[in-house]
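Within every chain, numbering begins at 1; the chains are lettered A, B, ... in the order of the sequence lines, protein sequences first and strands thereafter. Nothing here was measured: the structure is a model prediction, and the numbers come from that model.
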2 protein chains.
Amino acid sequence: MPFTSSAETSPQTVNRLSLYLRCLRQLRELHIQKVSSQELARRFDLSATQIRKDLAQFGEFGIRGVGYDVAQLIDHLRSLLGLDRRHKVVIVGIGNLGLALAQYPGFNSTSFQVVAGVDIDHDKVGRKAGAFTIQHAEELAAVVRSSGAEIGVLTVPEAAAQENYDGLVQAGVRAVLNFTRARIRTVPEVPLKEVDLRIYLEETAFFLRR
Amino acid sequence: MPFTSSAETSPQTVNRLSLYLRCLRQLRELHIQKVSSQELARRFDLSATQIRKDLAQFGEFGIRGVGYDVAQLIDHLRSLLGLDRRHKVVIVGIGNLGLALAQYPGFNSTSFQVVAGVDIDHDKVGRKAGAFTIQHAEELAAVVRSSGAEIGVLTVPEAAAQENYDGLVQAGVRAVLNFTRARIRTVPEVPLKEVDLRIYLEETAFFLRR
DNA sequence: AGATGTGAATGAGTTCACAGCT
DNA sequence: AGCTGTGAACTCATTCACATCT
């Protein structure tokens, strides 16, 4: 089955592909060129079968009797995950969190770059944050157009989240990451990914009940 | 089956309980006192059956023919999730992200409070961040002991993550949130919850392949 | 009547076990 | 011999359908 070109890939699988990529990068740094699914599983505490299943649904990347070529598999995964080109990111709301994300290494890598940021606070407009100059939220549509941002990041107060998602949709971004606790009504063309940091504490707290 | 007191509750279920809590809080703000599983499902795009299944495994919280009492169910969920007391949090590494989290509303609520933060940079020691004064990383054990922190948050550079997890274990915290991309070897008594912000962008990018 | 709580049925996701290739 | 790729078996999670209670 050569390239099931994405009939349906579960979010969990995408998660794991991203994880495999991380592991493979570590191996490459150790100058390891070939790796079997078992070796990968042993080193990073994963399931060998699942690795093979996950990969096999997109093509035959391995060599029987040998394993996988690390560099080659990294390329395949980068391509599968859409990481073989750089995605431009715009941050809406430059508070503490927005500022942190603007400078976060993971948001400024080969595959991602924060190219713009807006805020409603006139005092912030014109200041540098990360690699860009903060612009006013009213300019959002123009900012997205001129910067070519594809992904919007919401780090505004909860009450302003819906209107800013709508604004990002209007402005033409293709996906949104939501760091607020607001539950947002979305349109299917612009998927929303929730990142509620508080939930991580709540899940942790569950294991702390005495 | 009254109170299966946690034989095994899947992380996914815990996730949803946390989500239900969030929805119920919204209803309470609208002064809604009773709600049925269907109503809840309709409003927040959830599954009514699943809500009932999830709740039923911990007791009989509803009234047949009527529904659930919003305020009462909030209390039950808070108790189930261990949110009925305040958990103290210590942040290790006060960079941009550590600083943002120290002041993040979700980390300073009824159930959580950032009570301390440490960094290895002597210039930062003594400065205020959120509600606490930054202390030196060498003092971690003493800081944890005197502040009574139960949850550690790792916002250090990737290379320092393992040693700081170990330090937090030594210092006596009961769980750790890891915001770095390092893969950390853990001990079972101190569970580690991964929060890799880059993964959210990668998952988003998957839906942007043309 | 109307909603919960739950066994039974279905579906999704994971693991097993091995055929097939190098 | 050794490892991938994959149908079959299995496990876990969700949904259905209804008995049960207010």
Side-chain angles (χ1 to χ4, degrees), chain A residues 1-20 23-24 27 32-74 76-77 80 203, chain B residues 1-20 23-24 27 32-74 76-77 80 203:
Chain A
M1 197 184 299
F3 284 86
T4 319
S5 193
S6 87
E8 255 342 287
T9 305
S10 80
Q12 300 166 75
T13 305
V14 178
N15 256 264
R16 286 194 302 267
L17 293 176
S18 174
L19 174 60
Y20 301 157
C23 298
L24 287 162
L27 294 184
I32 293 166
Q33 280 153 24
K34 301 249 185 261
V35 70
S36 69
S37 56
Q38 290 156 70
E39 171 73 1
L40 209 47
R42 193 185 53 67
R43 275 191 192 249
F44 299 100
D45 193 30
L46 307 167
S47 150
T49 314
Q50 185 142 59
I51 291 169
R52 296 202 299 278
K53 260 270 157 78
D54 285 341
L55 296 176
Q57 85 181 272
F58 296 101
E60 305 206 351
F61 301 141
I63 303 163
R64 297 180 191 219
V66 180
Y68 299 90
D69 182 283
V70 174
Q72 207 171 294
L73 189 50
I74 286 175
H76 278 304
L77 286 174
L80 277 175
E203 286 171 37
Chain B
M1 197 184 297
F3 282 87
T4 319
S5 194
S6 87
E8 254 343 285
T9 305
S10 80
Q12 301 166 73
T13 305
V14 177
N15 256 263
R16 285 194 302 267
L17 293 177
S18 175
L19 174 60
Y20 301 158
C23 298
L24 287 161
L27 294 184
I32 293 166
Q33 280 154 24
K34 302 249 186 263
V35 70
S36 69
S37 56
Q38 290 157 70
E39 171 74 2
L40 209 46
R42 192 185 53 69
R43 274 190 191 249
F44 299 99
D45 193 28
L46 308 167
S47 149
T49 314
Q50 186 142 59
I51 292 170
R52 297 202 299 276
K53 259 270 157 76
D54 285 340
L55 296 175
Q57 84 182 273
F58 296 101
E60 306 205 350
F61 301 142
I63 302 163
R64 296 180 190 218
V66 180
Y68 300 89
D69 182 284
V70 174
Q72 208 171 293
L73 189 50
I74 285 174
H76 279 304
L77 285 174
L80 277 174
E203 286 171 38

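Using a 4.5 Å heavy-atom threshold, the side chains of A/Phe61 and A/Leu77 count as separate. The side-chain heavy atoms of A/Val35 and A/Arg43, taken from C-beta on, include no pair separated by under 4.5 Å. Within the 4.5 Å cutoff, the side chain of A/Thr9 has heavy atoms near those of the A/Val14 side chain. At least one side-chain heavy atom of B/Lys34 sits under 4.5 Å from a side-chain heavy atom of B/Asp69.
Looking at the side chain of B/Gln38, the nearest of the listed nucleotides D/dG5, C/dG5, C/dT4 is C/dT4. Checking C/dG13, D/dC3, C/dT22 against every side-chain atom of A/Ser10, the shortest atom distance belongs to C/dG13. The side chain of B/Gln50 lies closest to D/dT14 when the candidates are D/dT14, C/dT4, C/dT22.
For the OP1/OP2 pair of C/dT14 and a distance below 4.0 Å, the side-chain nitrogens and oxygens of A/Ser47 include no atom meeting the criterion. The phosphate of C/dT4 has OP1 or OP2 within less than 4.0 Å of a side-chain N or O from B/Ser37. Proximity of A/Tyr68 to the phosphate of D/dG5: a side-chain N or O atom is located under 4.0 Å from OP1 or OP2. Side-chain N/O atoms of B/Arg16 include none lying less than 4.0 angstrom from OP1 or OP2 on D/dA13.
Atom CD of B/Gln12 is separated from atom P of D/dA13 by 6 Å (rounded to the nearest Å). Atoms CG (A/Leu73) and C1' (D/dC3) sit 14 Å apart, rounded to a whole Å. The NE2 atom of A/His76 sits 10 Å away from the P atom of D/dG5 (whole-angstrom rounding). In this structure, A/Tyr20 places its OH atom 13 Å from P of D/dT4, rounding to the nearest Å. Look at CG on B/Asp69: it is 15 Å from C1' on C/dT4, rounded to the nearest Å. Atom CZ in A/Arg52 sits about 7 Å away from atom C1' in D/dC3, given to the nearest Å. We find that CG of A/Asp54 is positioned 14 Å from P of D/dT4, with the value rounded to whole Å. Here C/dG2 presents its P atom at 18 Å from NZ of B/Lys34, a figure rounded to the nearest Å.
If you check every strand for non-hydrogen atoms under 4.0 Å, B/Thr49 touches a base.
Position along DNA chain C of the nearest nucleotide to A/Ile63 versus A/Pro11 favours A/Pro11 as the more 5'-ward residue.
In terms of polar N and O atoms assigned as donor or acceptor, the side chain of B/Lys53 comes within less than 3.5 Å of the base of D/dT15 in a complementary pairing. Side-chain atoms of B/Arg64 and base atoms of D/dT20 include a donor and an acceptor less than 3.5 Å apart.
The CG atom of B/Leu27 lies 13.5 Å from the OH atom of B/Tyr68; values are rounded to the nearest 0.5 Å.
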